[in-house]
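See below for the structure under consideration.
Any value given below was found using the heavy atoms of this structure, including those in side chains, with hydrogens, waters and symmetry copies removed.
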Amino acid sequence: MAAMDAPSLLFDLVRPRLGGRPLVLGLAGAQGSGKSTLAAGLSAQLTAAGWPTQAVSLDDLYLPHARRRALAAAVHPLLATRGVPGTHDLPLLLDRLAQVRAGKPTRLPRFDKLADDRLPPQRWRSTPPLACLVLEGWCIGAKPQPAALLLPPINDLEAREDADGRWRRWVNDALAGAYQRLWAHLDLLAFLSAPDWKVVPQWRMEQETRLAHATGRRGMDQSAMARFCAHYERLTRWQLATTPAHADLTLHLDAGRQVTGFHKR
């Protein structure tokens with residue numbers, strides 16, 4: 001199956017549910033798997049068909065740099081790095097979802113990854129009333145791990161910098177609490193399933209390189225990227241093993257991000 005079929009598969013998933021209250025589609029997948037591109041394509045397709053749609057990335061809801069530094073000081077140093085559950089501004093996201101559900105225009109935040117900080121509100125995106133909002137992000141819909149799985153470290157980062165498991169337990173607790181309440185607002189969940197973990201740092205490095213070239217600014221090098229991705233490894237592996245069982249649509253990808261198969265729940 002060609003990758004160009006992915007927007008059509010999502011369109012077929014979403015279209016029968018449109019026409020009532022504004023719909024919220026969750027789109028999950030590992031870093032660099034093509035979520036943003038697919039979400040933009042689906043949004044354009046639905047809008048062209050008469051269903052105004054916008055996509056927002058969970059990445060754009062990261063806590064500002066200063067708030068993550070404060071969290072790192074109060075809870076655990078690894079929380080200075082954006083991305084894991086507990087480093088997102090969920091009250092802001094829930095406020096935007098409420099505005100969309102009420103059929104109101106809204107302003108969607110934006111995050112500058114190279115600067116590692118949220119853009120000021122005057123640079124946020126304004127949207128009209130929407131028929132559909134696509135919420136895309138690497139951990140959308142993820143379920144918490146059983147406590148026993150948190151005991152052994154999964155990589156060198158956890159072994160060296162979270163030897164007592166305090167960071168990963170805190171992240172898992174956040175995922176089990178506020179994030180599950182957020183996922184309850186999703187009407188549908190689609191998942192881009194990477195072939196394995198080892199391609200994810202490669203995909204994310206490609207993404208960083210494109211972003212740096214597009215902006216003329218310096219991004220992370222290979223060493224920094226490997227450490228950055230190590231923060232995501234545990235939950236990404238867990239999602240690959242568990243999310244297809246509860247996603248409404250799973251698209252199976254190869255290392256080139258081509259769709260090799262799919263299944264619906």
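- Hydrophobic clustering of Ile, Leu, Val, Met, Phe, Trp and Tyr side chains at less than 4.5 Å, counting indirect connections, unites V199 with V259.
- Contact detail for P195 and A255: the closest heavy-atom pair is CG-N, 3.8 Å.
- Distance alone, capped at 3.5 Å, places no donor-acceptor pair between the R15 side chain and the L10 backbone.
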Q.
Let's go through L63 and R82 carefully: what are the C-alpha distance in whole Å and the side-chain angles of both, what is the deciding distance for side-chain contact (heavy atoms from CB on, under 4.5 Å) to 0.1 Å, and is it a yes or a no?
A. CA-CA 8 Å; L63 293 171; R82 67 182 189 258; over 6 Å; no

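- V171 has its side chain out of reach of T87: every pair of non-hydrogen atoms, C-beta onward, lies at least 4.5 Å apart.
- Here the CG-OG1 distance, from L25 to T53, works out to 9.5 Å after rounding to the nearest 0.5 Å.
- Proximity of a side-chain donor or acceptor of T236 to a complementary backbone N or O of E233 within less than 3.5 Å is not detected.
- Residues C132 and V14 are in side-chain contact: their nearest non-hydrogen atoms beyond the backbone lie under 4.5 Å apart.
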**Q.** Test side-chain contact (heavy atoms from CB on, under 4.5 Å) applied to R204 and Y232, step by step
**A.** CA-CA 11 Å; R204 183 59 183 84; Y232 296 80; over 6 Å; no

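- Side-chain atoms of L92 and P109, non-hydrogen and from C-beta on, do get closer than 4.5 Å to each other.
- W124 and L130 end up in the same hydrophobic cluster when Ile, Leu, Val, Met, Phe, Trp and Tyr side chains are linked at under 4.5 Å.
- The backbone N or O of G86 sits less than 3.5 Å from a side-chain atom of Y179, completing a donor-acceptor pair.
- Proximity of a side-chain donor or acceptor of R96 to a complementary backbone N or O of P91 within less than 3.5 Å is not detected.
- Proximity of L97 to L133: side-chain heavy atoms (C-beta onward) are separated by under 4.5 Å at one or more points.
- The number of heavy-atom neighbours closer than 6.0 Å to CZ of R69, taken from other residues, nucleotides and ligands shown, is 12 or below.
- In this structure a side-chain-to-backbone donor-acceptor pair under 3.5 Å is missing from S43 to G41.
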Q: Could you walk me through whether W183 and L175 pass side-chain contact (heavy atoms from CB on, under 4.5 Å), step by step?
A: CA-CA 10 Å; W183 307 155; L175 182 60; 4.1 Å; yes

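- Atom CH2 of W238 and atom CG of L150 lie 9.5 Å apart (nearest 0.5 Å).
- Judged purely by distance below 3.5 Å, without hydrogens or angles, the side chains of R107 and S126 pair a donor atom with an acceptor atom.
- N172 and Q145 are not linked by any side-chain donor-acceptor pair at a separation below 3.5 angstrom, with hydrogens and angles left out of the test.
- R227 has a carboxylate O that lies under 4.0 Å from a charged side-chain N of E161, or vice versa, which qualifies the two as a salt bridge.
- Taking all atoms of both residues into account, the shortest heavy-atom contact from L58 to H88 is O-CD2, 3.4 Å.
- Contact annotation: the side chain of S193 approaches that of L240 to within less than 4.5 Å [non-hydrogen atoms, C-beta and beyond].
- Under the 3.5 Å distance criterion, the side-chain polar atoms of R234 are left unmatched by any main-chain donor or acceptor of N155.
- Take R125 and apply the side-chain contact (heavy atoms from CB on, under 4.5 Å) test, not counting sequence neighbours, and it matches Q54, V56, L108, R110.
- With hydrogens and angles ignored, the 3.5 Å screen pairs no side-chain donor or acceptor of D221 with any backbone N or O of M225.
- When all heavy atoms of W51 and L18 are compared, the closest pair comes out as CG-CD1, 3.6 Å.
- For H231, the ring pair (Phe, Tyr, Trp, His ring centres under 6.0 Å) criterion is met by W167, not counting sequence neighbours.
- Residues C229 and P201 approach most closely at SG-CA, 3.9 Å, considering heavy atoms.
- Remark: H263 engages H252 in a ring pair (Phe, Tyr, Trp, His ring centres under 6.0 Å) (not counting sequence neighbours).
- Side-chain contact check for F262 versus L251: some heavy-atom pair is nearer than 4.5 Å.
- With K104 contributing its side chain and Q99 its backbone, the two residues share no donor-acceptor pair below 3.5 Å.
- Remark: R68 engages D116 in a salt bridge, criterion side-chain N to carboxylate O under 4.0 Å.
- The backbone N or O of W203 sits nowhere less than 3.5 Å from a side-chain atom of Q31 that would complete a donor-acceptor pair.
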Could you list the donor-acceptor pairs under 3.5 angstrom formed between side-chain atoms of residues 184-192 and any protein atom two or more places apart in sequence or on another chain?
{"from": "D187", "atom 1": "OD1", "to": "R21", "atom 2": "NH2", "distance (Å)": "3.2"}
{"from": "D187", "atom 1": "OD2", "to": "V24", "atom 2": "N", "distance (Å)": "2.7"}
{"from": "D187", "atom 1": "OD2", "to": "R101", "atom 2": "NH1", "distance (Å)": "2.8"}
{"from": "D187", "atom 1": "OD2", "to": "R101", "atom 2": "NH2", "distance (Å)": "3.2"}

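- Side-chain atoms of K143 never come within 3.5 Å of backbone atoms of T243 as a donor-acceptor pair (strictly under, hydrogens ignored).
- Residues L235 and W138 are in side-chain contact: their nearest non-hydrogen atoms beyond the backbone lie under 4.5 Å apart.
- No single ILVMFWY cluster, assembled from side-chain heavy atoms under 4.5 Å apart, contains both L119 and F111.
- For P22, the side-chain contact (heavy atoms from CB on, under 4.5 Å) criterion is met by V100, not counting sequence neighbours.
- Considering only heavy atoms from C-beta on, D89 stays 4.5 Å or farther from Y62 through its side chain.
- The two residues I140 and Q239 make their nearest non-hydrogen contact at O-NE2, 4.1 Å.
- V75 is connected to L157 through a chain of hydrophobic side-chain contacts under 4.5 Å among Ile, Leu, Val, Met, Phe, Trp and Tyr, so both are in one cluster.
- Summarising the geometry, atom CD belonging to E136 is positioned 6.5 Å from atom CG belonging to D59; distances are rounded to the nearest 0.5 Å.
- Legend: residues meeting side-chain contact (heavy atoms from CB on, under 4.5 Å) with P64, ordered by chain and number and at least two apart, are R67, D117, R118.
- Note: L61 CG to L93 CG = 4.5 Å, rounded to the nearest 0.5 Å.
- In plain terms, the two heavy atoms of K35 and L27 that are nearest each other are O-CD2, 3.6 Å.
- Atom-to-atom distance recorded for I154:CD1 and R168:CZ is 9.5 Å, nearest 0.5 angstrom.
- Under the 4.5 Å side-chain heavy-atom criterion for grouping Ile, Leu, Val, Met, Phe, Trp and Tyr, L46 is connected to L9 within one hydrophobic cluster.
- Between S33 atom OG and L38 atom CG the span is 9.0 Å, to the nearest 0.5 Å.
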